[in-house]
Amino acid sequence: YRGHPNALAVLLDLLVYTAVFLAMIYIALEDIETSSVPTAVSIMMMIFFGACLLMRQSFDEISRLSFFAHFLGLLGFGAIVVFLSYGSNERWISKEYIEVGALVGFVTGYPLVIFNLLISFLALALFCLIRRILRKENLWLPFAPFITFGAILTIFFGSHFINWCIGSLS
């Protein structure tokens, strides 16, 4: 990025996303190991990411629009997890994933959060199908690894997928 007019902003974005993804990987590994999600880490990362987005607003106009899009992602993913959790009396998904879903929605933002939801739930469904075929009786699965997997794929390939979908419609 040498010579880029906002090289410092690009470097800061890279550091912020690295910190958030490391926290999400930690949450996923903790969920696999202990069947528990460290919600304090999710909340701290949302505050950290939000503060970084707000500080970034001083760089350009695009960041102001970006904060609103990220906030819509937080509301969207968080609302879906709340609906699935409370609507099923926690049979489908536990309440402890609300903060993780909100964090991932906040990081990916709208409209990428839609791709993230699609990838997360498809990966979970595929894994459940494989477990069912192998006749594993215990079908409880930690959801945080699938959310993290979806978030990583979304950051790298989500905009290409959305552009492809829009291009195929026209």
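We count residues from 1, following the sequence as given. Fair warning: this is a prediction, and the values are worked out from it, not measured in the lab.
Note: the hydrophobic cluster containing Leu118 does not contain Leu129 (ILVMFWY, side chain heavy atoms under 4.5 Å, direct or indirect links). Val41 is not connected to Ile32 by any chain of hydrophobic side-chain contacts under 4.5 Å among Ile, Leu, Val, Met, Phe, Trp and Tyr, and they are in different clusters. Under the 4.5 Å side-chain heavy-atom criterion for Ile, Leu, Val, Met, Phe, Trp and Tyr, Val20 and Ile43 are members of the same hydrophobic cluster. Taken together through direct or relayed side-chain contacts under 4.5 Å among Ile, Leu, Val, Met, Phe, Trp and Tyr, Met44 and Leu22 form parts of separate hydrophobic clusters.
Nearest heavy-atom pair, Glu99 versus Met46, reported as atom, atom and distance to 0.1 Å: O-CE, 3.8 Å. In plain terms, the two heavy atoms of Asp31 and Ala144 that are nearest each other are OD2-N, 3.2 Å. When every heavy atom of Val113 is checked against every heavy atom of Gly73, the shortest pair comes out as CG2-O, 3.8 Å. Summarising the geometry of Ser35 relative to Glu96, their closest heavy-atom pair is O-OE2, 3.6 Å, with the distance given to 0.1 Å. Across all their heavy atoms, Gly150 and Ser120 have their closest contact at CA-OG, 3.8 Å.
Partners of Phe157 according to the side-chain contact (heavy atoms from CB on, under 4.5 Å) rule, which considers only residues two or more places apart in sequence or in another chain, are Leu153. For Ile98, the side-chain contact (heavy atoms from CB on, under 4.5 Å) partners are Val81, Val82, Tyr86, Lys95, not counting sequence neighbours.
Ring planes of Phe161 and Phe115: tilted class, angle from 30 to 60°.
Under a cut-off of 6.0 angstrom, the local environment of OH in Tyr110 is sparse, with at most 12 non-hydrogen atoms contributed by other residues, nucleotides or ligands. Under a cut-off of 6.0 angstrom, the local environment of CZ in Phe83 is sparse, with at most 12 non-hydrogen atoms contributed by other residues, nucleotides or ligands. Applying the 6.0 Å contact sphere to CZ of Phe71 captures no more than 12 heavy atoms from other residues, nucleotides or ligands. When the shell of 6.0 Å around CZ of Phe149 is examined, it contains 12 or fewer heavy atoms from other residues, nucleotides or ligands.
When side chains are defined from C-beta on, Thr108 does not count as touching Phe77, because their heavy atoms never get closer than 4.5 Å. Using a 4.5 Å cut-off on side-chain heavy atoms (C-beta onward), Leu103 and Met24 make contact. Side chains of Val104 and Thr154 form no contact here, defined as non-hydrogen atoms less than 4.5 Å apart. Side-chain contact check for Tyr97 versus Pro142: some heavy-atom pair is nearer than 4.5 Å. By the 4.5 Å heavy-atom criterion applied to side chains, Val100 and Phe143 are not counted as neighbours.
Panel note: side chain Asn116, backbone Ala151; a donor-acceptor pair is recorded below 3.5 Å. Between the Asn163 side chain and the Ser159 main chain, a donor and an acceptor come within less than 3.5 Å of each other.
Between the CD1 atom in Ile80 and the CG atom in Leu75 there is a gap of 11.0 Å [rounded to 0.5 Å]. Note that OG of Ser94 and CG of Leu84 are 12.0 Å apart. Values are rounded to the nearest 0.5 Å. Between atom CG of residue Leu122 and atom CG of residue Leu117 there is a gap of 10.5 Å, rounded to the nearest 0.5 Å. In this structure, Ile93 CD1 and Phe121 CZ are separated by 5.5 Å, a value rounded to the nearest 0.5 Å.
Between Tyr17 and Phe49, the ring centre distance stays below 6.0 Å.
The hydrophobic cluster containing Leu134, built from Ile/Leu/Val/Met/Phe/Trp/Tyr side-chain heavy atoms closer than 4.5 Å, also comprises Leu126, Ile130.
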